[in-house]
Amino acid sequence: MAFMEQLRAFLRRLGPGFITASVVLGPGSIVASSRAGAESGYRLVWMLAVAALFMAAYASMGARLGCALPETPLRYVAQRAGRWLAAPVGLAAFLVTAGFQFGNNIGLAFGMSGLFDVPAWIWPPLFTALSLWFLFRAKHLYQAMERLMMALVAVMILSFFANLFWTGIHPLKLAQGMIPRIAPEDSLIARAMLATTFSAVAAFYQAYLVRAKGWDQTRIRDAILDAWAGIAVLALICAAIMIGAAQTLHGTGRTFTQAGEIANLLGELLGPAANLVFCCGLAAASFSSFIVNAMIGGCLLADGLGMDARFDARTAKGLSAVVMVVGCLVAMLVLALGQGGAQSLLIAQAATLVAAPLCAIMLFVMSSSRRIMGPLANAPLITIIGAAGLLAVFWINGAWIISRLGW
């Protein structure tokens with residue numbers, strides 16, 4: 001009983017970090033981790049660890065920033081530097097989340113269709129309506145969202161770790177995978193895994209989550225612990241997905257581009273039970289990103305434009321609802337007609353070229369400033385990790401631009 005009471009007390013001290021982990025761990029992360037395992041085996045386990053380290057460091061920066069600032073981050077930026085800087089960040093974040101909301105809808109549709117024999121196009125409007133009801137009707141929105149995300153993270157843990165029951169683990173290969181190396185054929189999937197695990201926009205939003213939790217400088221230890229714990233869970237789930245794919249799909253020559261295809265492959269190779277368990281985790285991962293992803297776009301755009309960015313504010317909720325509806329309509333178009341998704345993802349990726357560097361730079365610079373943060377400024381080790389993370393952001397974006405230009 002004493003242990004359970006201590007566990008409950010520990011869980012009550014957590015929240016923002018797990019919400020951040022839940023939005024990062026969406027269909028994109030599942031596909032990237034699965035492809036890394038299927039194409040490279042265990043070779044890129046170290047890259048996942050590095051991406052999680054960057055994400056945890058930046059999420060902890062966001063947590064400390066949220067505790068230290070007297071107001072929301074983009075409002076602070078607008079007052080000190082001008083609206084010309086804050087507004088583009090909010091707009092880019094809005095476009096990023098609107099584009100990737102399509103992916104969350106597609107992942108949810110495939111996951112739910114794997115559990116129930118119902119046409120895939122039915123699920124996006126159904127869950128969008130449910131999410132809109134939750135967004136506008138839930139009392140104390142932050143607390144309700146925190147409890148929902150905790151439950152969905154628990155489902156993901158049970159589902160993806162249960163898949164290891166069928167696939168197994170090769171301990172020696174896992175240990176060898178922690179040795180840094182990138183073969184020429186690993187470069188593309190390594191960037192994809194880094195990009196889907198290390199989200200500067202989500203890390204920046206950690207500051208808003210901490211403020212919504214009601215934490216200030218007196219709760220800084222809880223905020224930092226929560227950030228690292230949430231990203232640790234994210235890394236473990238991604239590792240379980242990668243290991244399962246490495247054990248099952250590596251060397252088979254089987255290819256896939258969507259999470260639903262992974263579920264079908266697991267069903268063929270491991271049986272229907274493995275397919276159902278994976279679909280359950282996929283649905284939970286997609287829905288966990290569903291609401292929080294929209295809230296990131298709505299809150300950051302509202303704050304960037306000088307509107308009320310609180311969780312329960314009508315402006316932030318209204319803009320979040322726009323993200324949900326746009327993502328739903330594009331997903332329904334893709335599922336019904338098989339077109340429109342590429343343009344949506346292209347818009348999201350193009351907006352990420354603006355949002356990710358700006359969020360990473362602002363978060364790093366602000367959290368490093370002793371004038372802003374006082375004693376909560378970045379420690380030397382976090383500064384080193386943060387600088388490396390900035391280089392990683394520019395590497396990802398630069399490689400994407402080069403690939404689009406065909407150089």
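Since the model is a prediction, treat every value here as computed from it, not as a measurement. Along the sequence shown, residues carry numbers from 1. Below, all heavy atoms of this structure are taken into account, side chains as well, without hydrogens, waters or symmetry copies.
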Please step through side chain to side chain contact (heavy atoms under 4.5 Å, CB included) for the pair W133 and T128, ending with a clear verdict. CA-CA 9 Å; W133 179 89; T128 296; over 6 Å; no
Can you check whether [X] reaches [Y] side chain to side chain, under 4.5 Å on heavy atoms?
{"X": "L132", "Y": "R137", "value": "no"}
{"X": "F18", "Y": "E146", "value": "no"}
{"X": "L74", "Y": "Y208", "value": "yes"}
{"X": "M112", "Y": "F127", "value": "yes"}
{"X": "V292", "Y": "L209", "value": "no"}
{"X": "M145", "Y": "L148", "value": "no"}
{"X": "L194", "Y": "W395", "value": "yes"}
{"X": "I106", "Y": "P27", "value": "no"}

For [X] and [Y], which heavy atoms make the closest approach, and how far apart are they?
{"X": "S40", "Y": "L44", "answer": "OG-CD1, 3.8 Å"}
{"X": "M149", "Y": "S288", "answer": "SD-O, 3.3 Å"}
{"X": "L358", "Y": "V89", "answer": "CD1-CG2, 3.7 Å"}
{"X": "G168", "Y": "Q247", "answer": "O-CG, 3.2 Å"}
{"X": "M193", "Y": "T196", "answer": "O-OG1, 3.2 Å"}
{"X": "I241", "Y": "S33", "answer": "CG2-CB, 4.0 Å"}

Just checking [X]: does its [atom1] atom have more than 12 heavy atoms from other residues, nucleotides or ligands closer to it than 6.0 angstrom?
{"X": "F136", "atom1": "CZ", "value": "yes"}
{"X": "R211", "atom1": "CZ", "value": "yes"}
{"X": "W121", "atom1": "CH2", "value": "no"}

Kindly indicate, with the supporting measurements, whether the criterion side chain to side chain contact (heavy atoms under 4.5 Å, CB included) is fulfilled by D226 and W215. CA-CA 12 Å; D226 167 73; W215 285 346; 4.0 Å; yes
Between [X] and [Y] (side chain of the first, backbone of the second, donor and acceptor by atom type, cut-off under 3.5 Å), is there such a pair?
{"X": "S22", "Y": "I19", "answer": "yes"}
{"X": "S289", "Y": "A285", "answer": "yes"}
{"X": "T20", "Y": "P16", "answer": "yes"}
{"X": "S367", "Y": "M61", "answer": "no"}
{"X": "R370", "Y": "G374", "answer": "yes"}
{"X": "T97", "Y": "F94", "answer": "yes"}
{"X": "H140", "Y": "Q143", "answer": "no"}
{"X": "W123", "Y": "N105", "answer": "no"}

NZ/NE/NH1/NH2 to OD/OE distance under 4.0 Å, R75 and E71: no
Below 4.0 angstrom, N of the basic side chain to O of the carboxylate: do R314 and D308 qualify? no
Within the 3.5 Å criterion, strictly below it, is a donor on D303 or T72 matched to an acceptor on the partner's side chain? yes
Among side-chain atoms of T383 and N378, is any donor-acceptor pair under 3.5 angstrom? no
Taking the ring of F278 and the ring of F160, is the distance between their centroids below 6.0 Å? yes
Interatomic spacing from [atom1] in [X] to [atom2] in [Y] - rounded to 0.5 Å:
{"X": "L174", "Y": "Q176", "atom1": "CG", "atom2": "CD", "result": "10.0 Å"}
{"X": "I382", "Y": "S60", "atom1": "CD1", "atom2": "OG", "result": "4.5 Å"}
{"X": "I291", "Y": "M324", "atom1": "CD1", "atom2": "CE", "result": "5.5 Å"}
{"X": "L152", "Y": "L25", "atom1": "CG", "atom2": "CG", "result": "11.0 Å"}
{"X": "R64", "Y": "L376", "atom1": "CZ", "atom2": "CG", "result": "7.0 Å"}
{"X": "M366", "Y": "I372", "atom1": "CE", "atom2": "CD1", "result": "5.0 Å"}

Would T197 and F54 count as a side chain to side chain contact (heavy atoms under 4.5 Å, CB included) if you check the C-alpha gap in whole Å, the side-chain angles of each, and the deciding distance to 0.1 Å? CA-CA 9 Å; T197 306; F54 289 156; over 6 Å; no
For Y76, does the six-membered ring have the charged nitrogen or CZ of R80 within the cation-pi criterion, i.e. under 6.0 angstrom from the centroid and within 45° of the normal?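 Relative to the ring axis of Y76, which defines the angle, R80 lies inside both limits.
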The test is side chain to side chain contact (heavy atoms under 4.5 Å, CB included); show your working for L53 and F198 and say whether it passes. CA-CA 9 Å; L53 179 63; F198 174 33; over 6 Å; no
Can you say whether the rings of Y142 and F311 are parallel (under 30°), tilted (30 to 60°) or perpendicular (over 60°)?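 Correct class here is perpendicular.
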